[in-house]
Amino acid sequence: MIAGCGAEDPDPEPVLERTLAPKRLASAIPEASVKVQSLGYEDRVLEERGLEVPATALKQLRAALSDSSQGFRDLVLGLEYDGTTEIEGVETDHLSGRLDTDALAAAVGKDGTGVAERFALPGSDLERSLVEAEFDLYSGTGDSVLRRLDLTLSLDDPDNALPPTRIRFSLTGESQLQSNPE
């Protein structure tokens, strides 16, 4: 360490653990929407649409994020701390990383919600075509409340020479928790 460089970045693991704690997630995003973006060269947005998240799906999503066995944490690879970012006037810790694509495809294919089928990707096709999954998670610096979660999937048809199709799903709260839920 070079003298005078200032404080080191926090370890991303505890930030992720605090953010995904079941008690905190239970009320972190009381209402949510998902922005779905089709990405082109250098991640330029080609097309975008918004989706409301029904209460039952939001409950399932919170459970999947907080599940300590076979949940989001178990899929994370290469977790990094990327500094702080302001989201809707709140300073957040920005974490990023990749997700285990085989495990994610298997989980989505058997989740029982029909997510894979809605995107015309039955489980086995999703496992074959999902080549990369990256995420960016934004957690309140002071309260560790999840403010936004971006998931970028790269889907490729191995039978053609075109580059993978990139789709970003951004989960944001329409109203955010203002107090610490501990």
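Hydrogens, waters and symmetry mates play no part in the numbers below; they use all other heavy atoms, side chains included.
Geometric assessment of R148 against the ring of Y138 yields a positive cation-pi assignment under the 6.0 Å and 45° thresholds.
Counting heavy atoms from C-beta on, the side chains of L46 and S38 come closer than 4.5 Å. Considering only heavy atoms from C-beta on, V131 comes within 4.5 Å of P164 through its side chain. Inter-residue side-chain proximity for L95 and T19 is flagged as unmet; no heavy-atom pair is nearer than 4.5 Å. For the pair D157/L162, no side-chain contact is recorded, criterion being any heavy-atom separation below 4.5 Å from C-beta on. When side chains are defined from C-beta on, D102 does not count as touching L104, because their heavy atoms never get closer than 4.5 Å. In this structure the side chain of R44 never reaches within 4.5 angstrom of the side chain of L39, judged on heavy atoms.
A distance of 10.0 Å separates CG of L20 from OG of S144, quoted to the nearest 0.5 Å. Note that CD1 of I167 is 10.0 Å distant from CD of E47, once rounded to the nearest 0.5 Å. Annotation: the span from L155 atom CG to E132 atom CD amounts to 11.0 Å, rounded to 0.5 Å. Within the model, atoms CG of L130 and CG of D156 stand 10.5 Å from one another, a figure rounded to the nearest 0.5 Å. In this structure, the separation between CD on E91 and CG on D143 is 11.0 Å, given to the nearest 0.5 Å.
Taking every heavy atom of both residues into account, D93 and T141 meet most closely at N-OG1, 3.4 Å. Contact detail for L153 and A133: the closest heavy-atom pair is CD2-CB, 3.7 Å. Across all non-hydrogen atoms, the minimal contact from L65 to R73 is O-NH2, 4.2 Å. Of all the heavy atoms in A21 and S66, the pair that sits closest is C-CB, 4.5 Å.
Listed for the T85 side chain is no donor-acceptor partner under 3.5 Å among the backbone atoms of T92.
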Can you check side-chain contact (heavy atoms from CB on, under 4.5 Å) on L149 and T172, steps first, answer last?
CA-CA 7 Å; L149 177 61; T172 57; over 6 Å; no
Step-by-step side-chain contact (heavy atoms from CB on, under 4.5 Å) determination, L51 to F169:
CA-CA 10 Å; L51 304 171; F169 300 89; 5.9 Å; no
When you look at H94 and T84, which way does the side-chain contact (heavy atoms from CB on, under 4.5 Å) test go after all the steps?
CA-CA 6 Å; H94 176 196; T84 59; over 6 Å; no
side-chain contact (heavy atoms from CB on, under 4.5 Å) for S96 and D136? Distances and angles first, verdict last.
CA-CA 4 Å; S96 66; D136 290 281; 3.4 Å; yes
Checking salt bridge (Lys or Arg N to Asp or Glu O under 4.0 Å) for the pair R166/E134: CA distance, chi angles, key distance, verdict?
CA-CA 10 Å; R166 292 177 49 84; E134 303 167 324; 3.5 Å; yes
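Side-chain contact check for D150 and S170: at least one donor-acceptor pair (N or O, by modelled atom type) lies under 3.5 Å.
Exactly one residue among L137, L16, D11 makes a side chain to side chain contact (heavy atoms under 4.5 Å, CB included) with L79. That residue is L16.
Note: the hydrophobic cluster containing V45 does not contain V36 (ILVMFWY, side chain heavy atoms under 4.5 Å, direct or indirect links). Residue I87 is not grouped with residue V34 when hydrophobic side chains (ILVMFWY) are merged at heavy-atom distances under 4.5 angstrom, including chains of intermediate members.
Under 4.0 Å is where a charged nitrogen must lie from a carboxylate oxygen, and between E48 and R168 no such pair does.
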